[in-house]
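One structure below.
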Amino acid sequence: MKTTYDIFRAVIDGGKFVLSDMDEKLDSAWIMGKITTAERVELSKLAAERADDSRQIDITAALADLENRVSVLESAGVRVWVSGMSTARGQTVLYDVIKEGRLRYCRYDGGREATSLSPGRIDGWVILSGAGGDVTHTVQHDESGQIILVPVEPVPDGAEG
């Protein structure tokens with residue numbers, strides 16, 4: 001007959017668990033007297049070593065956090081650009097310009113009053129250091145038409161004008 005320790009050991013050896021959940025289960029089993037203190041310590045250490053990193057992400061919590069952060073930005077007047085959205089000249093939006101999984105502050109400074117084309121699709125887009133920040137890059141295209149970010153050298157204090 002398998003003991004509680006044996007069952008935990010088999011699950012941990014399989015590696016298909018969320019570490020925080022396993023720690024809670026080990027604590028419960030220890031409190032109920034189903035495993036000893038030494039077994040709890042050993043299993044906790046083993047669980048930390050064998051945890052599959054890809055299973056440790058709480059997708060629901062991550063999405064809730066992202067929604068929270070986007071709401072804060074949108075309430076400050078910065079929206080995430082979505083297909084069909086019209087962007088006025090001088091308006092700042094958030095967009096993953098070079099498709100790297102990172103939203104950047106983008107501002108349209110082009111010649112049109114507004115555009116519904118995605119940031120970087122036409123000339124006139126710049127990348128900012130923050131919502132109201134300085135221009136850090138211009139958005140351009142290489143010979144093959146791929147979007148590239150070209151760094152902008154900061155203007156030294158007193159050199160403007």
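When reading the values below, keep in mind they use all heavy atoms of this one structure, side chains included, and skip hydrogens, waters and symmetry mates.
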Do other residues, nucleotides or ligands put more than 12 heavy atoms under 6.0 Å from the NZ atom of Lys99?
yes
List, one per line, each side-chain donor-acceptor pair under 3.5 Å for residues 137-152, sequence neighbours excluded.
{"unit_1": "Thr138", "atom_1": "OG1", "unit_2": "Gln140", "atom_2": "NE2", "d": "2.9"}
{"unit_1": "His141", "atom_1": "NE2", "unit_2": "Gly120", "atom_2": "O", "d": "2.8"}
{"unit_1": "Asp142", "atom_1": "OD1", "unit_2": "Ser144", "atom_2": "N", "d": "3.0"}
{"unit_1": "Asp142", "atom_1": "OD1", "unit_2": "Ser144", "atom_2": "OG", "d": "2.8"}
{"unit_1": "Asp142", "atom_1": "OD1", "unit_2": "Gly145", "atom_2": "N", "d": "3.1"}
{"unit_1": "Asp142", "atom_1": "OD1", "unit_2": "Gln146", "atom_2": "N", "d": "2.9"}

Taking it one step at a time, do Arg40 and Asp27 satisfy salt bridge (Lys or Arg N to Asp or Glu O under 4.0 Å)?
CA-CA 7 Å; Arg40 176 180 172 233; Asp27 288 346; 2.9 Å; yes
Between the CG atom in Leu26 and the CD1 atom in Ile35, the distance rounded to the nearest 0.5 Å is 5.0 Å
Heavy atoms of other groups near Asp21 CG, more than 12 under 6.0 Å
yes
Hydrophobic cluster identity match, Leu94 and Tyr108, side-chain contacts under 4.5 Å
no
CG of Asp123 to CG of Asp109: how many Å apart, nearest 0.5 Å?
12.0 Å
Does any N or O in the side chain of Gln91 come within less than 3.5 Å of the main-chain N or O of Ala88, such that one atom is a donor and the other an acceptor?
yes
Any donor and acceptor pair, going by atom type alone, linking the side chain of Arg104 with main-chain N or O of Leu128 inside 3.5 Å?
no
Measuring from Ser28:OG to Asp23:CG, what's the distance to the nearest 0.5 Å?
11.0 Å
For the side chain of Thr136 and the backbone of Ile127, is there at least one donor-acceptor N/O pair under 3.5 Å apart?
yes
State, with a plain yes or no, whether a side-chain heavy atom of Ile12 is found less than 4.5 Å away from one of Glu49.
no
For residues 4-11, please give each side-chain donor-acceptor pair under 3.5 Å, one per line with the distance, not counting sequence neighbours.
{"unit_1": "Tyr5", "atom_1": "OH", "unit_2": "Glu42", "atom_2": "OE1", "d": "3.4"}
{"unit_1": "Tyr5", "atom_1": "OH", "unit_2": "Glu42", "atom_2": "OE2", "d": "2.5"}
{"unit_1": "Asp6", "atom_1": "OD2", "unit_2": "Thr3", "atom_2": "N", "d": "3.2"}
{"unit_1": "Asp6", "atom_1": "OD2", "unit_2": "Thr3", "atom_2": "OG1", "d": "3.1"}
{"unit_1": "Arg9", "atom_1": "NE", "unit_2": "Asp13", "atom_2": "OD1", "d": "3.2"}
{"unit_1": "Arg9", "atom_1": "NE", "unit_2": "Asp13", "atom_2": "OD2", "d": "3.3"}
{"unit_1": "Arg9", "atom_1": "NH1", "unit_2": "Glu42", "atom_2": "OE2", "d": "3.4"}

Taking only residues two or more places apart in sequence or in another chain, which ones pass ring pair (Phe, Tyr, Trp, His ring centres under 6.0 Å) with Trp81?
Tyr95
As a quick check of understanding, evaluate side-chain contact (heavy atoms from CB on, under 4.5 Å) for Arg79 and Met85, giving each step before the final call.
CA-CA 10 Å; Arg79 295 175 41 202; Met85 179 178 168; 3.9 Å; yes
Do you know the tightest heavy-atom contact between Ser86 and Ala114?
OG-CB, 3.7 Å
Within the supplied structure, the quantity of interest is the number of heavy atoms (other residues, nucleotides, ligands) at a distance under 6.0 Å from Arg89 CZ; does it exceed 12?
yes
